[in-house]
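Read the structure below first, then the notes.
So that the names make sense, note that chain A is the first sequence line, chain B the second, and so on, each numbered from 1.
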Amino acid sequence: MTISDIKQTRVRFAPSPTGYLHLGGARTALYNWLWAKKTGGVFILRIEDTDAERSTQESVQEILDGLQWLGLDWDEGPNLQSAGLSKHVEAAHRLLESGHAYKCYCTKEELDAQRKEAEANKTAFIYDGRCRRLSADDQQRHFDNKTPYVIRFAVPREADSVVVFEDAVFGRMEKRGKDIEDFVILRSDGRPLYILSNAIDDANDCITLVIRGADGIANTPKQVLIYKALGLTPPIFAHMPLTLDNKKAKLSKRSHGEVVTISYYKKKGFIPWALCNFMALLGWSSPEGAEIFSRGELIQAFDLTRINRSNSIFNYVPGDQKNWTDPKAIHFNATYIRTMALNELLPYVKAELQGSGLWDDAYENEKKEWFEKTIDLIRARFITLKDFSERGGCYFSDDFSFDQKAVSKNMKDPGLKTYLPELAGRLAGLSEFSAERIEEVFRSYSEAKEIKAGLIINATRTTVSGTSVGPGLFEMLELMGQNRVVARMKEAVSLVP
RNA sequence: GUCCCCAUCGUCUAGCCUGGCCUAGGACACCGGCCUUUCACGCCGGCGACAGGGGUUCAAAUCCCCUUGGGGACGCCA
């Protein structure tokens, strides 16, 4: 069976709830989700919470919230790995009975000592399998003494034994039996280990394709061994290259901070799909070279065989004010804000304005048309959703701040003390407050006074918006409304030195 | 140290399997210019890479080997 034979796949995302949902995990989830959607398959969410000491409920919530925010909906779950522990234990005992596993009585201390010694000798430590060769008498003695033991998998030791698995990204992978140690599948306290639990859960969930990070490659031969020993068919694997930081180190919250967590992008005003689109391109590309994809387009274009084999770098430079995350991610977000369907953008803007106290329910009722025109006008220059509250305040409230640089640059001409109130008067007299009429006022005024139009245009922009940048002035004034504009311009004299 | 994987502009990548169409293409970032009342957008242009060395071949980014560099895995973590 190869990947192209798979019609409908059952895939899963199986994070351990020991921290935040981070970029790497989210990308893994995204690839799984994409493949499930593409094949009309099933995407299962499984929480691998068997490490009781490190697993937390907050972390589970964070993962759920993150996936939901990204729009990566799952079809089954969340299943808790801890719920299936008895099945994992039972599998370990089946392996023991069938001779595929054995009891190992070596203590942690003994093994640690051997490991240290191997390290000192600069040789590889692979458990020597001494308990596999225990005599019947020794085994009986341990049984009578109730010596604590772990269960180890008995890796085939024939000289030419190899474990083979099919990887949709890396191709056919082989590992010699002699390079795999007899790994522990059940702890001395009777709890199963990840390597076993994970494989058993995948089998029970009928997972047909495992899409996971390349750091799972080394585990794969071991898990294939478990499958085969239990008489199960292993899934196909697709190991995705890792995403590293610009020093080629693993991404972690510890060393990179919030910028690697999904929740940070929500906080910073990202459009969730823009982040997905960016993540999709970290290790995958479309044959046509397209980069902006709608959900449907990405689902259609996505293809396991075009996943890269080399690691990619998340180009984050600490301390960069403008590029607080990978510049390409910012570019994607700005592109989405600028070009996405307005009705899809509006709910995000509403949430942002509500969060900053700028929302008015009239924006969905009597001021709906005005609101939509305004958003459509100002979004062209915005990078994140935060901009709607931080830079859009002058459209929604009279309480906005003035950029001192803009004031000193555009308000320095003393003549403005008379120009602006006069202009305000002329604007007040307009019976139709449209961009065209407003422009006529400005043009004729500049001609009459023999001053450059730029002078009064820039001064007015600063007066009504507090900044030196923004949309075309006349459209802007039209949207701000006659009363508001006239009032602001009359007060403007205080800004002129 | 052992085993495994990877290697094209600063970053994301196309091309590699099936050698010639590659003077190595695109995107982001950066730098110029145009447009313009500003800033963006848009358009035009610039900068910028096949890690090194050997082979094979008429021909190598593409196939093979070595070196170097990078990453991963080596837990009674997941």
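Looking at heavy-atom distances under 4.0 Å, A:L244 makes contact with sugar-phosphate atoms alone, never a base. Within 4.0 Å of A:G283, counting heavy atoms only, lie sugar-phosphate atoms of the nucleic acid but no base atom. The residue A:L193 sits close only to the backbone: its heavy atoms come under 4.0 Å of sugar-phosphate atoms, none of a base. Contact annotation for A:A453: no contact, since no heavy-atom pair falls under 4.0 Å across all strands. At a threshold of 4.0 angstrom between heavy atoms, the contacts of A:V150 include nucleobase atoms, whether or not backbone atoms are also involved. Residue A:E181 is in sugar-phosphate contact alone, with no base atom involved, counting any heavy-atom pair closer than 4.0 Å across all strands shown. At the heavy-atom level, A:R391 lies nowhere under 4.0 Å from the strands shown. Across all strands shown, A:K178 has no heavy atoms under 4.0 Å from either base or sugar-phosphate atoms. At a threshold of 4.0 angstrom between heavy atoms, the contacts of A:G289 with the nucleic acid are absent. A:F314 comes within contact range of no nucleotide atom at all, as no heavy-atom separation falls under 4.0 Å.
Side chain of A:N145 to main chain of A:T147: no donor-acceptor pair is present (N/O by atom type, distance under 3.5 Å, no hydrogens or angles).
Centroid-to-centroid, the aromatic rings of A:W284 and A:F302 come within less than 6.0 Å. For A:F125 and A:Y127, the gap between ring centers reaches or exceeds 6.0 Å.
Distances were taken from every side-chain heavy atom of A:E48 (C-beta onward) to each of B:C4, B:A78, B:U13; the shortest belongs to B:A78. In the set B:U11, B:G75, B:C12, the nucleotide with an atom closest to the side chain of A:E291 is B:C12. The nucleotide whose nearest atom lies closest to any side-chain atom of A:L282 is, among B:C12, B:C3, B:U37, B:C12.
Between A:Y336 and A:L345, the closest side-chain pair of non-hydrogen atoms is not below 4.5 Å.
Base pairing of B:C9: no nucleotide in any strand meets the Watson-Crick or G-U wobble criterion (both distances under 3.5 Å). In a base pair of the Watson-Crick type (N1 to N3 plus N6-O4 or O6-N4) or a G-U wobble (N1-O2 and O6-N3), with each distance short of 3.5 Å, B:G45 is matched with B:C31. Pairing for B:U23 is absent, judged as Watson-Crick or G-U wobble with the two contacts each under 3.5 Å.
OP1 or OP2 of B:A7 has not a single side-chain nitrogen or oxygen of A:K248 nearer than 4.0 Å. Contact annotation: A:R115 side-chain N/O to B:C76 OP1/OP2 distance is under 4.0 Å. Between A:R191 and B:A78, a side-chain N or O to OP1/OP2 separation shorter than 4.0 Å is absent. Between B:A78 and A:T50, a contact under 4.0 Å exists linking OP1 or OP2 to a side-chain N or O. Between A:T18 and B:A78 there is no side-chain polar atom (N or O) within less than 4.0 angstrom of OP1 or OP2. The side chain of A:R187 contributes an N or O atom lying less than 4.0 Å from OP1 or OP2 of B:C77. Taking only side-chain nitrogens and oxygens, A:R176 never comes nearer than 4.0 Å to OP1 or OP2 of B:C3.
Between B:A7 and B:C58, the distance separating the two P atoms is 28 Å to the nearest Å. Comparing the same atom, P, in B:C43 and in B:G26 gives a spacing of 13 Å after rounding to whole Å.
Rounding to whole angstrom units, NZ of residue A:K250 and P of B:G70 are separated by 18 Å. The distance from atom CZ of A:R461 to atom C1' of B:U38 is 5 Å, rounded to the nearest whole Å. In this structure, A:I185 atom CD1 and B:C76 atom P are separated by 13 Å, rounded to whole Å. Going from atom CG of A:L186 over to atom P of B:C77 covers 11 Å, rounded to whole Å. Here B:A78 presents its P atom at 22 Å from OH of A:Y20, a figure rounded to the nearest Å. Whole-Å rounding puts the A:K452 NZ to B:U38 C1' distance at 13 Å.
Taking 3.5 Å as the limit, the base of B:C39 and the side chain of A:S468 contain no donor-acceptor pair of atoms between them. Not a single donor-acceptor contact under 3.5 angstrom links the side-chain atoms of A:R381 to the base of B:C41.
Using bins of under 30°, 30° to 60° and over 60° for the plane-to-plane angle, the ring pair A:F402/A:F400 lands in the tilted bin.
Geometrically, A:R27 engages A:Y31 in a cation-pi contact defined by less than 6.0 Å to the ring centre and at most 45° from the axis.
In terms of position along RNA chain B, the nucleotide closest to A:S310 lies nearer the 5' end than the nucleotide closest to the other residue of the pair A:S310 and A:V469.
A:E110 CD: more than 12 foreign heavy atoms inside a 6.0 Å radius.
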